[in-house]
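Please read the structure below before turning to the comments.
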Amino acid sequence: MGCIEFTPSNFTHQASSPIRSWPHSTCMVQRSHCYSGVQIKACLRSYLPKNHIISRYSSGWLPPRSLHLKNSFEKHSMLLRALVTSKIQDVSTTFVIGEEKVGVLLLNLGGPETLDDVQPFLFNLFADPDIIRLPRLFRFLQKPLAQFISVMRAPKSKEGYSSIGGGSPLRQITDAQAEELRKALWAKNVPAKVYVGMRYWHPFTEEAIEQIKRDGITKLVVLPLYPQFSISTSGSSLRLLESIFREDEYLVNMQHTVIPSWYQREGYIKAMASLIEKELEKFDFPEKVMIFFSAHGVPLAYVEEAGDPYKAEMEECVDLIMEQLEKQRIRNAYTLAYQSRVGPVEWLKPYTDETIIELGQKGVKSILAVPISFVSEHIETLEEIDVEYKELALKSGIENWGRVPALGCEPTFISDLADAVIESLPYVGAMAVSNLEARQSLVPLGSVEELLAAYDSQRRELPAPVTVWQWGWTKSAETWNGRAAMLAVFVLLVLEVTTGEGFLHQWGILPLFH
Ligand SMILES: C=CC1=C(C)c2cc3[nH]c(cc4nc(cc5[nH]c(cc1n2)c(C)c5CCC(=O)O)C(CCC(=O)O)=C4C)c(C)c3C=C
Ligand SMILES: [Fe+2]
């Protein structure tokens, strides 16, 4: 076995945190393929930041997982790049045991821990312009509107949360995932610290960032806990992070990289497939069960007008899981639908509830629901799927219902997340790869700013706000609730202007117009 050796002479591009004692690193590249030395050098050059020196090339061999990628040097060079990345164990260790301190920031949504938290949690959610984006002229209404909607929705949301034990389990599960990820990283010789930053509830992203600063982290891997990217989830968290980074001198100089989505990773796909296989075995006739992937929806306009890659990533993710199941000789029928829509605008279709009814009408007797857009149990698995959809299915003629648990701390999954972090380490602080490379690489990476620019290059407006909300759990209430909401917002505005008191004054917005 030969090896490729290279010496990263000066990996950093920011003078504030140089790696002063980078050792001579050796990277093994397996060879069973026809690369020429020139090709491998070219490949390494394309992967490494410009100032890296490839000190010596001898030979290498490629591992089996590359063999299906035939005939394309471009593909091979990508693969080789990924291999180089994943094999640099000694370099990764250098990141943390040298003068650098590596942190991993897990981004998640957060959830109310008690019933009293529900309304303020909802306020934070609806105050997010990536959830409701008002036309520029009406931006000043964002907070009053969020206050209004959250107050109106809170009673029904509370019902939901009280039925699952009085609060969201999200914090507890995410903390456990962080701890398991930390252990997995240490077991792989990467002694990093892992932080949790929630978008809408404690521990808020701001709190995590404060801790990161106190700990003196110099290199940060940002890992949203959403397998697929959506403007409304990872995008929103990253946008917030971007604004925090911009305003803080320490953070501006801290090197970071982002793993924007990871639904395509082998470990994640295998973990999902094995959970599905295990649940299928609980049915009397496993091969007759319809595998029903149920993803959280987003308004259709996010995908069609704002360019959200969520739907495409979701569909690809389902295909990959089904391919994996096929390898495990499981060839069940399957379908993908979208749940949890809010308000009367059109969301991604088909809708989960309508699809369940249709399947019942077509004579399907057994369904295994697979929550696919989130890796923790939460209100929408524990209440919506386990209670509402199950009930609907049974009413629609489906006799057998099962549900795949969320991944949580499943070891294969956590170990794969750790690998994703390790593979991303050489990118930390390196000049970002081009958009093309980011899209093709096994772990697409880039800085927060570049990522957001790639997804939202012209800062296009997200679709018109969903101003008409449903705040009941039932769909039939939508229209009237929506009309009432519009009327109430109108009355609210009239009162504000005529009395000089109200939400806008409270937030110091309206005096601007006096
Ligand atoms: C990938 C997952 C999610 C997407 C996409 C998403 C988009 C999205 N959500 C709302 C509105 C609400 N979401 C709520 C809770 C909630 N949302 C997700 C995930 C995604 N949301 C999770 C995991 C949770 C549950 C958190 C928990 O506490 O367990 C809620 C609050 C619950 C309720 O009252 O129904 C709202 C409201 C919109 C509008 C949106 C896309 C624009
Ligand atoms: Fe949501």
Side-chain angles (χ1 to χ4, degrees), residues 107-115 117-133 145-146 149-174 198-202 224-237 261 263 293-303 305-306 308-311 313-314 317 338-348 371-386 388 406-408 462-475:
L107 297 176
N108 210 340
L109 177 110
E113 288 164 78
T114 67
L115 294 183
D117 298 341
V118 171
Q119 186 272 324
F121 160 79
L122 290 174
F123 170 82
N124 293 339
L125 190 135
F126 292 119
D128 177 0
D130 284 316
I131 291 287
I132 304 179
R133 186 166 296 187
L145 191 62
I149 298 168
S150 62
V151 168
M152 299 305 286
R153 190 177 172 96
K156 278 295 171 186
S157 279
K158 278 185 186 176
E159 267 178 43
Y161 282 107
S162 59
S163 78
I164 62 162
S168 169
L170 217 53
R171 181 175 191 165
Q172 224 182 335
I173 297 171
T174 313
M198 301 292 199
R199 182 66 181 87
Y200 306 120
W201 205 247
H202 297 281
L225 274 180
Y226 306 94
Q228 307 85 8
F229 184 96
S230 166
I231 293 168
S232 61
T233 54
S234 309
S236 164
S237 283
S261 63
Y263 65 91
F293 293 95
S294 187
H296 196 300
V298 293
L300 186 64
Y302 277 52
V303 174
E305 288 164 35
D308 197 332
Y310 182 70
K311 179 173 183 277
E313 294 198 359
M314 192 61 72
C317 178
Y338 295 90
Q339 65 174 83
S340 317
R341 65 185 186 275
V342 183
V345 295
E346 195 176 353
W347 282 49
L348 284 183
I372 177 98
S373 45
F374 209 60
V375 292
S376 309
E377 295 297 344
H378 61 287
I379 190 167
E380 285 148 6
T381 52
L382 300 169
E383 207 278 339
E384 207 170 341
I385 298 185
D386 288 355
E388 288 183 40
L407 281 165
L462 280 183
V466 183
T467 45
V468 191
W469 297 93
Q470 164 209 1
W471 42 77
W473 290 98
T474 62
K475 308 285 174 239

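Counting from 1, the numbers follow the sequence of the chain as shown. It should be emphasised that the depicted structure is a prediction, and the values quoted were computed from it without experimental measurement. Numbering of ligands and ligand atoms starts at 1, following listing order. Side-chain atoms are counted along with the backbone in the values below, which use heavy atoms only and exclude waters and symmetry mates.
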* Indicate, with yes or no, if the rings of Tyr226 and Phe374 have centres closer together than 6.0 Å. => yes
Within 4.0 Å of some non-hydrogen atom of Phe126, the atoms of ligand 1 are 37 (C)
Ser373 heavy atoms within 4.0 Å reach ligand 1 at atoms 1 (C)
In ligand 1, the atoms that come under 4.0 Å of a heavy atom of Pro299 are 41 (C), 42 (C)
In ligand 1, the atoms that come under 4.0 Å of a heavy atom of Trp347 are 38 (C), 39 (C), 40 (C), 41 (C)
Counting heavy atoms under 4.0 Å, the part of Lys156 that contacts ligand 1 is neither
So Tyr161 and Phe121, would you call those rings parallel, tilted or perpendicular, with 30° and 60° as cut-offs?
-> perpendicular
Heavy-atom proximity to atom 42 (C) of ligand 1 ranks first, among Tyr302, Trp201, Tyr226, Tyr310, for Tyr302
Filtering Glu377, Arg153, Arg341 for the heavy atom nearest atom 33 (C) of ligand 1 leaves Arg153
For Thr233, the ligand 1 atoms with a heavy-atom partner under 4.0 Å come out as 1 (C), 2 (C), 3 (C), 4 (C), 5 (C), 6 (C)
### Query
Taking side chain as C-beta onward, heavy atoms only, is Arg153 less than 4.5 Å from Phe126?
yes
So the atoms of ligand 1 within less than 4.0 Å of a heavy atom of Gly111 turn out to be 28 (O)
Exercise for the section: Give the intermediate values and the outcome of side chain to side chain contact (heavy atoms under 4.5 Å, CB included) for residues Ser373 and Tyr338. Expected result: CA-CA 10 Å; Ser373 45; Tyr338 295 90; over 6 Å; no
Under 4.0 Å between heavy atoms, the region of Val298 that gets near ligand 1 turns out to be side chain
Ligand 1 to Ser168, heavy atom cutoff 4.0 Å, flagged ligand atoms 27 (C), 28 (O), 29 (O)
The answer for which part of Ile132 has a heavy atom under 4.0 Å from ligand 1 is neither
Minimal heavy-atom distance between Cys317 and Ile372, with the atoms involved, is SG-CD1, 3.8 Å
Exercise. Is there any N or O on Leu109 that sits under 3.5 Å from an N or O of ligand 1?
Worked result: no
Does Ser230 reach ligand 1 with a nitrogen or oxygen that is under 3.5 Å from one of the ligand's nitrogen or oxygen atoms? no
ask   = Is Ser157 in polar range of ligand 1, meaning some N or O pair under 3.5 Å apart?
value = yes
Closest non-hydrogen atoms of Gly408 and Ile173, given as atom of the first, atom of the second and distance, are CA-CG2, 4.4 Å
Note: Val375 and Pro227 closest approach over all heavy atoms is CG1-CG, 3.9 Å
**Prompt:** Is there a donor-acceptor pair under 3.5 Å between the side chain of Ser261 and the backbone N or O of Tyr263?
**Reply:** no
- [ ] Look at the side chain of Tyr200 and the backbone N and O of Phe123, then say whether any donor-acceptor pair between them is shorter than 3.5 Å.
- [x] no
For Phe374, the ligand 1 atoms with a heavy-atom partner under 4.0 Å come out as 23 (C)
Rounded to the nearest 0.5 angstrom, the CG-OG1 distance for Asp308 and Thr233 is 7.5 Å
Rounding to 0.5 Å, atoms CG (Leu109) and CE (Met198) come to a distance of 8.0 Å
Under 4.0 angstrom from ligand 1, any heavy atom of Ser376? no
